[in-house]
Number of protein chains: 2
Amino acid sequence: MTYTQHQIVKRLGISRATLHRVLSNSPKVKPATRDRVLKELQELNYVPNAIAQSLKTSKTKTLGIMGPATANASQIDKLSSLYVAARELGYSIIFAYSDGSPEADANSIRELQSRMVDGIIAFDRGLHANTQLYKSLVDGGKPLVTLYPTPGVETDCIYVNTRDAFSRLTKHLIDLGHKDIGLLITASQSNYIVNRELGFRDAMKKAKLPINDNWIIYASPDGMNTINSDDEEAAAWKISDYQYGFWGASLLFAKRSRPTALVCYTDEAAIGALRAAHMAEISIPDELALVGYNDKEDAKFARVPLTTMHQPDELIGKKVLQTLVKRINGELPSKAVLEALSAKLIVRESCGSHLAK
Amino acid sequence: MTYTQHQIVKRLGISRATLHRVLSNSPKVKPATRDRVLKELQELNYVPNAIAQSLKTSKTKTLGIMGPATANASQIDKLSSLYVAARELGYSIIFAYSDGSPEADANSIRELQSRMVDGIIAFDRGLHANTQLYKSLVDGGKPLVTLYPTPGVETDCIYVNTRDAFSRLTKHLIDLGHKDIGLLITASQSNYIVNRELGFRDAMKKAKLPINDNWIIYASPDGMNTINSDDEEAAAWKISDYQYGFWGASLLFAKRSRPTALVCYTDEAAIGALRAAHMAEISIPDELALVGYNDKEDAKFARVPLTTMHQPDELIGKKVLQTLVKRINGELPSKAVLEALSAKLIVRESCGSHLAK
DNA sequence: ATGAAAGCGCTAACAC
DNA sequence: GTGTTAGCGCTTTCAT
């Protein structure tokens, strides 16, 4: 049974205002009254109706997250620190599922607007198709924090400088003496992918190393066989990075020549590539140095432990939430916060640097 | 800018009731009026205030998920199908973070009750510490679906029969001719763990095979070195299954004798064990057959592709949601729904069955 | 230190 | 076909 203030007030023979005063810790209430009320509250296990509170105050103390549910797996660390921080600040999280398509995103935004969330976190991968949607949100005054900068939308953003990260990752290989370096990514226009390629090119250019287009692999399902036949009907967005890595590397290994080092767009892709190398009897790192990105737990336990970049995901989740809440509370200057964090190089065996001496 | 019905009604010179009729597709409104209203609605981009609707109707069309955010990674498939199904039925999801402790769970329940969710999904691992909490929920009439049966709580439950799954997994090894079989799990009282051990014992007993207690490993951080030193301060619940698998297997390999086959409690643990085997120069599957559980994507791409059990996670997510919504709508008999689904054996290389001929 | 009353945005019963 | 009205549970101003 759940009681309302009305019922409690009747039982106690006091007024709603008094009840509210003890609920809100106002000092203006006689200790004796307060105790009596508190006791009753306890006894009846009173739980305030947040819906009614929200309607009255026009603050829901809820935050919306919009993003692809499938991205959660890779963003899990950001998400969990975000949840923890939200609870600490008294906010609830509404997760509005979206596959990243403009239609789904529009639905998510409608859902969150309708629920009157106090702010929104866009957990997408920086696809620009939805710039207009975000713009309308921000113009409408709804606080929005994104995880990738969105050109054209002046909104708060906490992100990892992936371009720089990939540049440094590539440079690590260059410093090891590699000159023939390939890149394994997927075909996509998202920031998520594009910045990785840009970072790679930055490093190569800076080192005055030529880029062999044959060694830039855009992995895709086209004409590939899945490693497991019953995957075949799976939609493209459900294909894992492992699979893309496996396909991409297989493609590379089938070519007439191959680089001495390969940068993969995620750890999962690198693990897929590891498997392709194993099947092609190419020894890692002796015959091919390999690096991933993200420092997922399985990178540590891969066939060959992966050299990779570690993102400060927990910190990001925390900062995202804090920024959003500050924005909601009007504690931030009107200029959008744009904070870039750096990834950190984690050297393990797959790059072969333990051999180079 | 977000408009209220009041403002729209004023602009249009009609009554709230008429507006409402248009909004709710009531036939009792003159087509001309309807069109005029619809056009204005469109123009003003009217978004209904779900908070006000909820207060009025005492239905929020929201569902609460309570569970550890860290579990999401392994339960991601259940979660995403659940999100999709929720959207289809017009429900929003509030995620109430909890680390599984009774205090955190109590907080989650309070949060969800306060937000007046129409129903709750308990995404925990079947820890019984919170039986009372669940019981009070159910007794209070709040629809609740769990993912593990909770003795003492009469509530809907959609789950995988892990005990049976582990029994069949173990039997696969027995059928391959193994007699000396070990089990690698963690020390925990949760259903999640306990049923795995029970299933293993069932199969051994049925085959009249002795169980060597030395080969039942309860992996724990005690006295172990992490594979990566900066993990050391991490709390126990943040330790990955990979790590437990690595520790557990290392422990086993240090013993005087070892089994010819090892059942691991998850794929991640099996991958950790794979690494330990590699370091101990034990060849998998030749010297030790190894199996995991869950059929995660990385099982396919492991150093040795893992034989494992596949759970119908997407189906579960969908069923959980459908059951909950039916319960909310009063479409279910008062007796609790208890539906067990089966896991499916996926044979790859790590069990060595491709060698046995 | 306490109480009365208005109103947040919406729905639905009832009257016309 | 259309309009009037009460009220969901809460917060908050204004009296007392």
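Note that this is a predicted model, so its numbers are computed, not measured. Hydrogens, waters and symmetry mates play no part in the numbers below; they use all other heavy atoms, side chains included. Per chain, numbering begins at 1; letters A, B, ... match sequence-line order.
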note = Contact span of DNA chain D against chain A, any nucleotide atom under 4.0 Å from a heavy atom, 5' to 3', runs D:dG9 to D:dT12

request  = Kindly say if B:Tyr46 contacts the phosphate of C:dC10, meaning a side-chain N or O under 4.0 Å from OP1 or OP2.
outcome  = yes

Working for side-chain contact (heavy atoms from CB on, under 4.5 Å), residues B:Gln75 and B:Asp313 = CA-CA 8 Å; B:Gln75 312 245 28; B:Asp313 283 336; 5.8 Å; no

Using atom types as modelled, flag every donor-acceptor pair under 3.5 Å from a side chain in residues 317-324 of chain B to any protein atom, sequence neighbours excluded.
| residue | atom | partner | partner atom | Å |
| --- | --- | --- | --- | --- |
| B:Lys319 | NZ | B:Glu339 | OE2 | 2.6 |
| B:Thr323 | OG1 | B:Lys319 | O | 2.7 |

inquiry  = By the 4.0 Å heavy-atom rule, please label B:Ser54 as base, sugar-phosphate, or nothing.
reply    = nothing

ask   = With A:Arg21, which residues qualify under salt bridge (charged side-chain N to carboxylate O under 4.0 Å, His left out), at least two apart?
value = none

query = Quick one: B:Leu23 CG to C:dT11 P, roughly how many Å, whole number?
reply = 7 Å

remark   = As a check of understanding: the bend across the helix from C:dA1-D:dT16 to C:dC16-D:dG1, end axes from five pairs, rounded to 10 degrees, works out to 40°

key: Closest contact, heavy atoms only, B:Arg327 versus B:Pro333   = NH1-O, 2.9 Å

query = Choosing from C:dT11, C:dG9, C:dT2, which nucleotide comes nearest the side chain of B:Gln5?
reply = C:dT11

Separation between CD of A:Gln311 and CG of A:Leu341, rounded to the nearest 0.5 Å = 9.5 Å

task = Describe the nucleic acid contact of B:Ser24 in one word from base, sugar-phosphate, nothing, applying a heavy-atom distance below 4.0 Å.
result = nothing

inquiry  = Need to verify one output field. Residue with the more 5' nearest nucleotide on DNA chain D, B:Thr57 or B:Pro27?
reply    = B:Pro27

OG1 on B:Thr62 to CD1 on B:Ile120, rounded to 0.5 Å = 9.5 Å

ask   = How close do A:Ser92 and B:Ile94 get, heavy atom to heavy atom, and via which atoms?
value = CB-CG2, 4.2 Å

Enumerate the protein-to-nucleotides 3-7 of chain C contacts in which both atoms are nitrogen or oxygen and the separation is below 3.5 Å.
| residue | atom | partner | partner atom | Å |
| --- | --- | --- | --- | --- |
| C:dG3 | OP2 | A:Ser15 | N | 2.8 |
| C:dG3 | OP2 | A:Ser15 | OG | 3.0 |
| C:dG3 | OP2 | A:Thr18 | OG1 | 2.9 |
| C:dG3 | O6 | A:Arg21 | NH2 | 2.5 |
| C:dG7 | N2 | A:Lys56 | NZ | 2.9 |
| C:dG7 | N3 | A:Lys56 | NZ | 3.2 |

Quiz: residues 37-52 of chain A side-chain donor-acceptor pairs under 3.5 angstrom, not counting sequence neighbours:
| residue | atom | partner | partner atom | Å |
| --- | --- | --- | --- | --- |
| A:Glu40 | OE2 | A:Arg11 | NH1 | 2.8 |
| A:Tyr46 | OH | A:Gln5 | NE2 | 3.4 |
| A:Asn49 | OD1 | A:Ile51 | N | 2.8 |
| A:Asn49 | OD1 | A:Ala52 | N | 3.1 |

key: Presence of salt bridge, B:Arg87 and A:Glu111, under 4.0 angstrom   = yes

task = Pick base, sugar-phosphate or nothing for A:Lys30, based on heavy-atom distances below 4.0 Å to the nucleic acid.
result = sugar-phosphate

inquiry  = With a 4.0 Å cut-off on N to O distance, would you call A:Lys59 and A:Asp118 a salt bridge?
reply    = no

request  = Round to the nearest Å and state the distance from A:Leu12 atom CG to C:dT2 atom P.
outcome  = 12 Å

ask   = Looking at A:Ala104 and A:Asp99, what are the two nearest heavy atoms and their distance?
value = CB-OD1, 3.3 Å

query = Closer to the 5' end of DNA chain D via nearest nucleotide, is it A:Gln53 or B:Ala52?
reply = B:Ala52

